[in-house]
Amino acid sequence: MVDSPVEELESSELGTKEYWETSYETEIQNYKSHGDVGEVWFDEDSQLRIIKWIEKQEALICQDDAIIDLGCGNGMMLVELAREGYSDLTGVDYSPRAIELAQAICTDQDMCITYKVVDLLDRTDVMTLGKFKIVHDKGTYDAISLHPEDSKSMRESYMQSVDQLLKDDGLFILTSCNWTQLELVKSFEKHFSLYQVIPTPSFTFGGTVGNVVTSVVFSKKTKQ
Ligand SMILES: C[S@@+](CC[C@H](N)C(=O)[O-])C[C@H]1O[C@@H](n2cnc3c(N)ncnc32)[C@H](O)[C@@H]1O
């Protein structure tokens, strides 16, 4: 375990709401004109790996357990979960355009998924959502970490939101391309313990083994 605090990432426009609104505006136009659902972050394989992992936890996770996708974008993770039979699905994103796109795809596919415009850094918004057995995030913590202003306190407020949303016996599944497994464990240790690592493809460079994306599963720390 590393004792030093994790280093902040260099900020980027991917950390701003304006970037996502503009990006989903284009994706809505593409969807309307030729049915392209848009980007699935870190590709469909990483999505599939997570869904397969969830399916293997049948002793812990039932198909009617409440699942929320944080920063759901076009909602394709939830669409795939619905296809596999999961029925209590919620997607939130702070971009109204993302939610508009996700809702359009959901309606066209005749699926029942709840979508809401929610800023995960707004406690009042988050408090209205309830509790979930699975809290899932693919790429959203990464985006928040890239915010140009005070991303450190934003990351902390994101963690408090996840803590608020997760049931005591729930699992938080996080996929990141910006943080290593060690950094994620260190950053989240105040609220969560590492439960499992979902294996992702690795590469070796100069004798060091690395991963393009990291998928970790956390459980809630029991309060003393
Ligand atoms: C890299 S994209 C990932 C989208 C989707 N999860 C996927 O895997 O395809 C990051 C998403 O996080 C959303 N997001 C960023 N900050 C957020 C916040 N504070 N509250 C809610 N959503 C946020 C963005 O609008 C965007 O849809």
Side-chain angles (χ1 to χ4, degrees), residues 9 11-28 30-31 36-51 53-54 67-83 89-106 113-129 132 134-165 172-179 184 198 200 212-216:
L9 303 175
S11 68
S12 143
E13 59 174 357
L14 271 77
T16 67
K17 190 171 173 181
E18 295 69 37
Y19 172 86
W20 294 108
E21 275 289 84
T22 309
S23 157
Y24 289 117
E25 174 71 51
T26 309
E27 294 204 351
I28 287 173
N30 290 341
Y31 183 65
D36 177 0
V37 296
E39 180 122 27
V40 171
W41 283 79
F42 314 150
D43 74 46
E44 285 174 12
D45 284 351
S46 51
Q47 191 163 280
L48 199 64
R49 271 193 298 271
I50 297 161
I51 293 171
W53 185 87
I54 292 175
I67 301 179
I68 188 167
D69 190 17
L70 308 180
C72 61
N74 58 15
M76 291 313 289
M77 177 74 186
L78 294 165
V79 166
E80 291 305 328
L81 283 165
R83 282 195 185 125
L89 302 170
T90 301
V92 294
D93 203 293
Y94 70 175
S95 160
R97 291 293 189 205
I99 294 301
E100 190 184 329
L101 173 63
Q103 234 145 14
I105 295 169
C106 175
I113 300 169
T114 304
Y115 287 111
K116 288 180 186 160
V117 176
V118 167
D119 183 345
L120 291 162
L121 307 182
D122 181 331
R123 290 309 292 279
T124 321
D125 257 14
V126 170
M127 298 278 271
T128 62
L129 292 169
F132 298 83
I134 298 291
V135 174
H136 172 262
D137 170 341
K138 180 160 62 65
T140 303
Y141 178 69
D142 280 356
I144 289 168
S145 307
L146 296 171
H147 197 279
E149 289 151 29
D150 199 9
S151 67
K152 192 175 177 193
S153 62
M154 288 187 176
R155 293 196 291 112
E156 175 54 34
S157 115
Y158 168 89
M159 288 173 212
Q160 286 172 13
S161 293
V162 177
D163 198 24
Q164 162 76 35
L165 292 167
F172 168 44
I173 306 172
L174 174 61
T175 299
S176 166
C177 72
N178 285 335
W179 300 103
L184 292 173
I198 302 176
T200 54
V212 182
V213 292
T214 304
S215 284
V216 286

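The model shown is predicted, which means the values in this text are computed figures rather than measured ones. Atoms within a ligand are numbered from 1 in the order they appear, just like the ligands themselves.
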* Asked: Can you tell me the protein heavy atom closest to atom 9 (O) of ligand 1 and the distance?
  -> W41 N, 3.0 Å
* **Evaluation steps, side-chain hydrogen bond (donor to acceptor under 3.5 Å, both in side chains), between Q160 and E156** => CA-CA 6 Å; Q160 286 172 13; E156 175 54 34; 3.0 Å; yes
* **ligand 1 contacted by Y158 (non-hydrogen, < 4.0 Å)** => no
* Of the protein's non-hydrogen atoms, which lies at the shortest distance from atom 19 (N) of ligand 1, and what is that distance? -> D119 OD1, 3.0 Å
* **Option with minimal heavy-atom separation from atom 25 (O) of ligand 1, where the choices are D122, D125, D93** => D93
* Asked: Which distance, rounded to the nearest 0.5 Å, do you find between the CD of E100 and the CD of E27?
  -> 12.5 Å
* Derivation of the side-chain hydrogen bond (donor to acceptor under 3.5 Å, both in side chains) call for Y158 and D137 -> CA-CA 11 Å; Y158 168 89; D137 170 341; 2.4 Å; yes
* Heavy-atom side-chain proximity of S46 to T200 below 4.5 angstrom -> no
* **Geometric class of the W179/Y141 ring pair [parallel <30°, tilted 30-60°, perpendicular >60°]** => tilted
* Number the atoms of ligand 1 from 1 as they appear, then name those within less than 4.0 Å of a heavy atom of V118, with their elements. => 20 (N), 21 (C)
* Asked: Is it the case that more than 12 heavy atoms not belonging to E44 sit under 6.0 Å from its CD atom?
  -> no
* Structure fact -> Between I68 and L129 the two heavy atoms that sit nearest each other are CD1-CD1, 4.1 Å
* **Euclidean distance, L165 CG relative to L70 CG, rounded to 0.5 Å** => 6.5 Å
* Asked: Under 3.5 Å between some N or O of ligand 1 and some N or O of Y24?
  -> yes
* To do: Using distance alone, decide if ligand 1 has a nitrogen or oxygen within less than 3.5 Å of any nitrogen or oxygen in L120.
  => yes
* Structure fact -> In ligand 1, the atoms that come under 4.0 Å of a heavy atom of T140 are 10 (C), 11 (C), 12 (O), 14 (N), 23 (C)
* Structure fact -> re atom 10 (C) of ligand 1, the protein heavy-atom contact at minimum distance is G139 O, 3.7 Å
* E21 and P96, any side-chain heavy atoms less than 4.5 Å apart -> yes
* Asked: Would you say S151 and L9 make side-chain contact, with heavy atoms under 4.5 Å?
  -> no
* ligand 1 N/O within reach of W20 N/O, cut-off under 3.5 Å -> no
* Asked: Relative to ligand 1, is F42 under 4.0 angstrom through side chain, backbone, both or neither, heavy atoms considered?
  -> neither
* Structure fact -> for atom 5 (C) of ligand 1, nearest protein heavy atom and its distance come out as G71 O, 3.3 Å
* Asked: Which atoms from ligand 1 have a heavy atom of G73 less than 4.0 Å away?
  -> 27 (O)
* Going by the order shown, which atoms of ligand 1 are within less than 4.0 Å of some heavy atom of I144? -> 16 (N), 19 (N)
* Structure fact -> heavy-atom search around atom 14 (N) of ligand 1 in the protein gives Y94 CE2, 3.5 Å
* Asked: Which option out of E27, E44, K138 puts a heavy atom nearest to atom 3 (C) of ligand 1?
  -> K138
